[in-house]
Amino acid sequence: MGKIRLYIDHGFAPGQPVPLDAAQAHYLGGVMRQPVGAEIAVFNGRDGEWSARLQSLGKRGGELALIAPAAPQVDPPDVWLLFAPIKKARTDFIVEKAAELGAARIQPLQTDHSNTERIARERLQAHAVEAAEQCGGTFVPPVADLVALPRLLAGWDPARRILWADEALADAQAESPVQVLQGLPRGPWAILIGPEGGWSGAERQRLGGLDFVRRISLGPRVLRADSAAVAALTLWQAVLGDWNPPRDK
């Protein structure tokens, strides 16, 4: 069995007791069959990973005792994922993979051709937590409330550039996405993935007129929204992110 990791939104200090809610207690005792006295790994998204000992378990909750730090806090690079939600399971997939791939924030968008007008934000946040627990990360990206694209752009800080994965550029003759990314500066970015129904003409006109938006192709094939999110984050991380950290000269 691999190491059990649990996200707990609580302050950490050596010897400090940390409460478990009923769901966490059930997971440790009923699902993972951990006895009192077992050691597990915990993280809170701020203080790295710690080792902890299971002190008590019950139907209504339990308690851990923190032992010592085990790994430092590692935050992702400053890249957000902006996407239009799709079908439930595929939206869950996008959030899960965004957390695994190192998105610092996940922002669902309402667009002209979106398939949904609401999201279950707490459920999506739970998927982000589970992804961080499974992948060994110490950071959990926040999942924001659904916001309309015009409202988002109206309040946008232009210092954060937007990389627009535009399906209209899915052409064998389009500029290589790797070459495009290699010509872009590091710093705060956001990756924009459109809805299954595509962008409206008004949205294209608005996005195309913004200086801080850079269009990019994701290759010669039109990708589904969930595939596009994974492909774009992977490309960005490989060139501008922490998969390719800058080297000191």
Side-chain angles (χ1 to χ4, degrees), residues 7 9 43-49 71-85 91 93-109 111 119 121 124-166 177-194 207 210-218 225-226 228-249:
Y7 170 78
D9 188 11
F43 65 102
N44 62 7
R46 305 180 297 276
D47 300 314
E49 181 180 297
Q73 178 67 26
V74 178
D75 293 333
D78 194 4
V79 60
W80 298 1
L81 177 66
L82 319 177
F83 77 101
T91 293
F93 174 88
I94 289 174
V95 169
E96 175 185 294
K97 299 311 170 188
E100 290 180 11
L101 289 166
R105 182 180 177 85
I106 301 171
Q107 176 64 69
L109 290 178
T111 67
I119 61 168
R121 195 197 65 78
L124 295 178
Q125 188 66 68
H127 279 290
V129 167
E130 291 171 5
E133 290 173 342
Q134 293 296 320
C135 76
T138 54
F139 178 86
V140 178
V143 179
D145 288 323
L146 187 72
V147 64
L149 179 63
R151 181 179 176 186
L152 180 83
L153 294 176
W156 194 261
D157 179 359
R160 180 178 299 279
R161 299 173 180 88
I162 294 178
L163 190 66
W164 175 17
D166 186 2
V178 174
Q179 291 177 336
V180 170
L181 286 164
Q182 287 174 338
L184 297 176
R186 293 180 182 265
W189 278 91
I191 293 170
L192 177 60
I193 305 296
L207 290 167
L210 297 172
D211 293 338
F212 53 84
V213 173
R214 177 66 162 89
R215 291 202 306 165
I216 190 172
S217 165
L218 295 181
D226 47 350
V230 172
L233 276 167
T234 299
L235 284 165
W236 190 93
Q237 285 283 30
V239 179
L240 297 176
D242 58 9
W243 296 7
N244 182 29
R247 294 182 174 85
D248 295 332
K249 294 183 179 179

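In this text the structure is predicted, and so the values were computed from the model without any measurement.
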Discussion item. Using every non-hydrogen atom in the two residues, find where Ala104 and Pro142 come nearest and quote the distance to one decimal.
Written reply: O-CD, 3.3 Å
Item to complete: Name all residues meeting the side-chain contact (heavy atoms from CB on, under 4.5 Å) criterion together with Ala128; count only those two or more places apart in sequence or in a different chain, and write none if there are none.
Response: Val95, Ala99, Gln125, Val140, Pro141, Val143
Item to complete: Starting at CD1 of Ile162, measure out to CG of Leu153 and round the result to the nearest 0.5 Å.
Response: 5.5 Å
Worksheet entry | Non-neighbouring partners of Phe93 that pass ring-ring contact (aromatic ring centres under 6.0 Å, His included), sequence neighbours left out | none
Discussion item. Quick check for you: to the nearest 0.5 Å, what is the distance between Leu233 atom CG and Trp243 atom CH2?
Written reply: 8.5 Å
Discussion item. Given 3.5 Å as the limit, does a donor-acceptor pair link the side chain of Gln107 with the main chain of Trp80, or not?
Written reply: no
Item to complete: Check Leu184 against Leu240 and note the closest heavy-atom contact, atom names and distance.
Response: O-CD2, 3.5 Å
Worksheet entry | Distance, nearest 0.5 Å, that separates CD of Glu49 from CZ of Phe43 | 8.0 Å
Worksheet item: Once you round to the nearest 0.5 Å, how far does CG of Leu207 lie from CZ of Phe212?
Response: 8.5 Å
Item to complete: Search all heavy atoms of Trp236 against all heavy atoms of Pro77 and return the closest pair with its distance.
Response: CZ3-CG, 3.7 Å
Fill in: Closest non-hydrogen atom pair, Ala165 against Ile193
CB-CD1, 3.7 Å
Worksheet item: Within a strict 4.5 Å, meaning less than it, do heavy atoms of the Ile119 and Leu124 side chains meet?
Response: yes
Practice prompt. List in chain and number order the residues that pass side-chain hydrogen bond (donor to acceptor under 3.5 Å, both in side chains) with Asp226, two or more places apart in sequence or in another chain; answer none if no residue qualifies.
Written response: Arg90, Arg224
Discussion item. Looking at every non-hydrogen atom in both residues, tell me the closest pair between Ala98 and Ile106 and how far apart they are.
Written reply: CB-CD1, 3.8 Å
Item to complete: With rounding to the nearest 0.5 Å, note down the distance linking CD in Gln237 to CG in Leu181.
Response: 11.0 Å
Practice prompt. Work out which heavy atom in Ala238 is nearest to a heavy atom in Asn244; give both atom names and the distance.
Written response: O-CB, 3.0 Å
Worksheet item: Between Leu81 and Ile94, is any pair of side-chain heavy atoms under 4.5 Å apart?
Response: yes
Item to complete: If a pair satisfies side-chain hydrogen bond (donor to acceptor under 3.5 Å, both in side chains) and one of its residues is in residues 151-162, list it, with sequence neighbours excluded.
Response: Asp78-Arg160
Fill in: Distance in Å, Leu192 CG paired with Thr111 OG1, rounded so as to fall on 0.5 Å steps
9.5 Å
For residues 130-139, dump all side-chain donor-acceptor pairs below 3.5 Å to protein atoms at least two apart in sequence or in another chain.
unit_1, atom_1, unit_2, atom_2, d
Glu133, OE2, Tyr7, N, 2.8
Thr138, OG1, Val74, N, 2.9
Thr138, OG1, Val74, O, 3.3

Worksheet item: Who passes side-chain hydrogen bond (donor to acceptor under 3.5 Å, both in side chains) against Arg46, sequence neighbours left out?
Response: Asp9
Discussion item. Using the rule given for side-chain contact (heavy atoms from CB on, under 4.5 Å), can you reason through Leu235 versus Leu218, listing the C-alpha separation, both sets of side-chain angles and the distance that settles it, and then say yes or no?
Written reply: CA-CA 9 Å; Leu235 284 165; Leu218 295 181; 3.8 Å; yes
Fill in: Those residues that, when tested against Asp211, pass side-chain hydrogen bond (donor to acceptor under 3.5 Å, both in side chains) (two or more places apart)
none
Fill in: Residue list, salt bridge (Lys or Arg N to Asp or Glu O under 4.0 Å) with Glu100, at least two apart or on another chain
Lys97
Fill in: Partner set under salt bridge (Lys or Arg N to Asp or Glu O under 4.0 Å) for Arg186, not counting sequence neighbours
none
Worksheet item: Do any pairs count as a salt bridge (Lys or Arg N to Asp or Glu O under 4.0 Å) and have a residue in residues 135-146, sequence neighbours left out, and if so which ones?
Response: Arg121-Asp145
Worksheet item: By side-chain hydrogen bond (donor to acceptor under 3.5 Å, both in side chains), which residues pair with Ser217, not counting sequence neighbours?
Response: none
